[in-house]
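Report on one structure; see the data block that follows.
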Amino acid sequence: MLGDLRLAARRLLRAPGFAAAAALTLALGLGANTTMFSLVSAVFLRPLPVQEPDRLLRVVTTWRDGDGRSINSGALGWDDVPALAARRDVFAGVAAFGNAKLAMGEGEHARTVHAALVTGQYFGVLGVRAAIGRAIGAGDVGAPGASPVVVLSHALWAGRFGGDSSLVGRAVSLNGKPHTVVGVAPPTFRGTEIENVPEVWLPATQGGALGVVGPRAYQRGSRWLHGLARLAPGVARAEAGAAAARLGGDVARDYPDSHRGWGVRVVAGGTLLAADPSEHGPVFAVFGALTALALLVLAVTAANVANLQLARAASRRRELSLRVALGAGRARLVREVVAESALLAGAAALVAAVLGAAGASLLPRLGLPPMLDLAPDRRVLGATAALALGTGLLFGLVPALWVTRGSLTAGIKDGTAGAGRSRSRLRGALVVGQMAVSMVLLVSAGLLLRTVSALRDADVGYEPHGVLSVALDAGTRGYDATRGLALYEQLLARVRALPNVRAATLHAIVPLSGNGMSQEVRLPARGGAVQRTQYDVVADGFVEALGMRAADGRMLGAQDRPGAPRAVVVNEAFARRAWPGQRAVGQRVRLEGERGDEATVVGVVRDARVGDITGRPEPTMLLPLAQEWTSGMTLEVRVAAGAPHAVLGAVRRELRALDPDLPTGEVRTLEEVRTQAMFPARLMATLMTAFGALALAVAAVGLAGVVAFAVAQRTREMGVRLALGAAGADVERMVVGEGMRLAVLGVGVGLAAAAGVARLLSAQLYGVGAGDPATYLLVAAALSAVALLAAWLPARRASRVDPLVALRAE
Amino acid sequence: MPFFTSSAPAPAALDLAPGAPLLSLRDVEKSYPVGGSTHYVLRRISLDVKAGDFLTIMGPSGAGKSTLLAILGLLDHDWRGGFTFAGQPIHALPPKARTSFGRRHVGFVFQQYHLLDDLTVAENLDVPLEYRGVPKSERQALVADALDRFGIVGKKDLFPRQLSGGQQQLVGIARAVIARPALLLADEPTGNLHSGQAREIMGLFQELNRQGTTIVQVTHSEENARAGSRIVTLKDGWMTEGAEG
């Protein structure tokens, strides 16, 4: 085989044009896949920098809502963690963490940092040791507020504190409270999540003292922690899963008040996301579609290489015949051709690694979380190499078998291709396939681009344009309900008085931010029936500031004070489900299941898309801030004109005037949040457009190559035709016609295939049907135009053939 | 043979003065620069071919026979001298006009037949008519007539590869004359045929010639040359009238 490779290398060096064209074409297709692998690997495959990542699990909880639907909640309660940890037979350790944002530093130097509030086993379960000092241990997680210690991320320590080793043992201010730095995490460890990458780790029991979790956080039934577990030695994941499920059932039975409908699952935890479709269905759908379509791009490029191989084989037929005459068997000839393919694939893989890395480096511009390490690792490079080899062998073997079939001895006489007709059919079929695949990719891209456009124009039920969102948390400065409410009311009054501010409000859940709160309410009018609902806590002026639309009754206002009868506003989806056919205003709901107060529905707002930009609006309830104190709020400021960011300085001044140490959290516009919510659609549309354009370019080159090769093979025929009286235009028309026949066939096959693929994509589409005729027509027209150009270029050459070639051959 | 009595299409109109030659070459030369010098392929060729002539060009390989044929067929424009075709001074025409003129008035028969592989016999016959813009209904009649004249009706739906060499050349000749060219040029028309088939083809040429077709053929075969009415010989680019040797 080494000898074959050496000979193949020599042959390829003698045909550098062919070798370069084949390797580069294949590299383009492989590069697209390397980029996709990088993304898939970063999210699903790259092991977290923890000990034995394949033994780490995530503990996920599920809920059955009032309609019996299962909802992945993900969050555990405080008491659930020791209950799981007690199963020492299956878990070597169980830990949990909650995400929070804290103000680090004082005054002007205060900045918001992402924090993980961790249980005592967190670092132990992960097997992560501090780079400097020590990690948080069980001894730090005792009585609430008793252990104000903190571990810093390496990046924070190196950046904000200049990598000062003497920092360990000193105090830093978090939410205005001193916390002793006990250690610095290793540089590779950045938590276990794709988002909310921690910059500090604190004992979970500090959450109350820091004001980032409520007093009920440490009671049964709270749900704010994300569970991690390490498998006990010798225990398989399935066993742990069964044990967790049993435990979930037991807890649900023992504590029906807090855990009715509750369940526990475990999924692999050694990567950022578990490669588990039931856990991350939408991500799987998007990545799966993109990977499949990247493979189609590879198929298009590989078909080009196969076509080049066939063309080359035709010119080598005399040589192959000679080898047969000298005693070479077919297997030997096939091996020689395949050896060339293997070398080409190897070269292509090297170029693809570079192209793929370049492609991956562009991905963050699409809005991917910065936590993702997209540099191709050995897993990605290995996959690229394997794919290159597989593709090279498959697409080398087919032409090899094709070329060497039939009698080769005829070729020695005249050097003509004995199997020329069938070979040109195969080449034609490859071009038809390329065109069809390009059609599929471009139709998919077209539908997704229209989806992005439709999403941009979609009526989400509120008006995101011209609204600045500023995250605040009075809890970070220790405000209780009374003082906090007063602070927020003053802030609203000051902000509303600013020039260019048309309206302002505060609420807890920014629409389409991916955050949400839900609870179960009881409906007394329906015999205490349970309904799960999303909810938001809002200040007055909510409807005006967000541009929502009132449908019935009144909106929440100044009269909904603490101590006043509890009032709620519901959306139309809530009203439809809770009281079908009846007026919602005046109806009663019991909040928080059986334990809460009863509230009266005072108004109904039109449905808005809060959770998912493409999904149906979910039942949602709005509670007045004055009656449902929540410290973590977002200030929404609607400006009268211009860019919303223009008022940020003034807003900050007002805030500082009220409390100079209250830090602001994330600042963005609602428009930006909405754009971010379109991320999956934009990611798909962008990559698909890139893939489609790449496939089209390669297919066009393929078509031009096939036509040019046919012209070259038929130079004498062209000469004969010209000698028989054809004008140049006649020959040109004929050649273009033959090319276009392939293209039209490809477009036809592609239309049917695209319709099938588009149906599979329909879950990702919005505002455009999977069979949208305009998209199909436009793509078909564009593809035909490109094909026309691709066929016309070699056709021009055909029309300029010297008719003397017909005589010269005599 | 049946084709004598055919109603072949009228040849493209040519304005030929009485007694004037169909083709007239005066001091035609063709050369290539080779290194610093000039290699002559044809030297001062002067030749008249009357309408109705059956001229044979002979000579050893490399003598310039095929080059002369290409010039006569208006496929080669790179030469010097005077060339009049049916009174039309070809030397004064731009290359495009020469090509267009030749397309209308010259038919070719090739040594390797050069039938179009993917077309049936009938479709091959249709090709020159289509290129000359003959309407489809008329073409069908002409093809049917040619098939009948050449006795190949039974083979009209066969592809070239299904025919013997002689049959293929028969189709090649039928294709060359179907548009009634003023001049039929043949380059070694029997070069790939055995002697029996060669004799048949030459018989066919003689019949066409008797019917009025002007023929110029290039051949190495003395027997084929005897089928014609006149022989010129080329050697090293120079022409002499009369048989070789």
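Proteins come first, then strands; the chains are lettered A, B, ... in the order of their sequence lines, and each starts at number 1. Hydrogens, waters and symmetry mates are skipped; everything else that's a heavy atom, side chains included, is used. These figures come from a predicted structure and were not determined experimentally.
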| For the student: nearest non-hydrogen atoms of A:Val720 and B:Leu116, plus distance | CG1-CD2, 4.5 Å

| query | Roughly how far apart are A:Leu724 CG and B:Ile178 CD1, rounded to 0.5 Å? | reply | 11.0 Å

| Can you tell me how far CZ of A:Arg716 sits from CD of B:Gln112, rounded to the nearest 0.5 angstrom? | 5.0 Å

| task | Mind checking the CD-CZ spacing from B:Glu130 to A:Arg721? Nearest 0.5 Å is all I need. | result | 8.0 Å

| request: Would you name the heavy atoms of A:Ala723 and B:Phe108 that are closest together and state the gap between them? | output: O-CD1, 3.7 Å

| message | Nearest 0.5 Å, please: how far is CG in A:Asp802 from CG in B:Asp76? | response | 7.5 Å

| Heavy-atom contact with chain A under 4.5 Å, split by part of B:Ile71 | neither

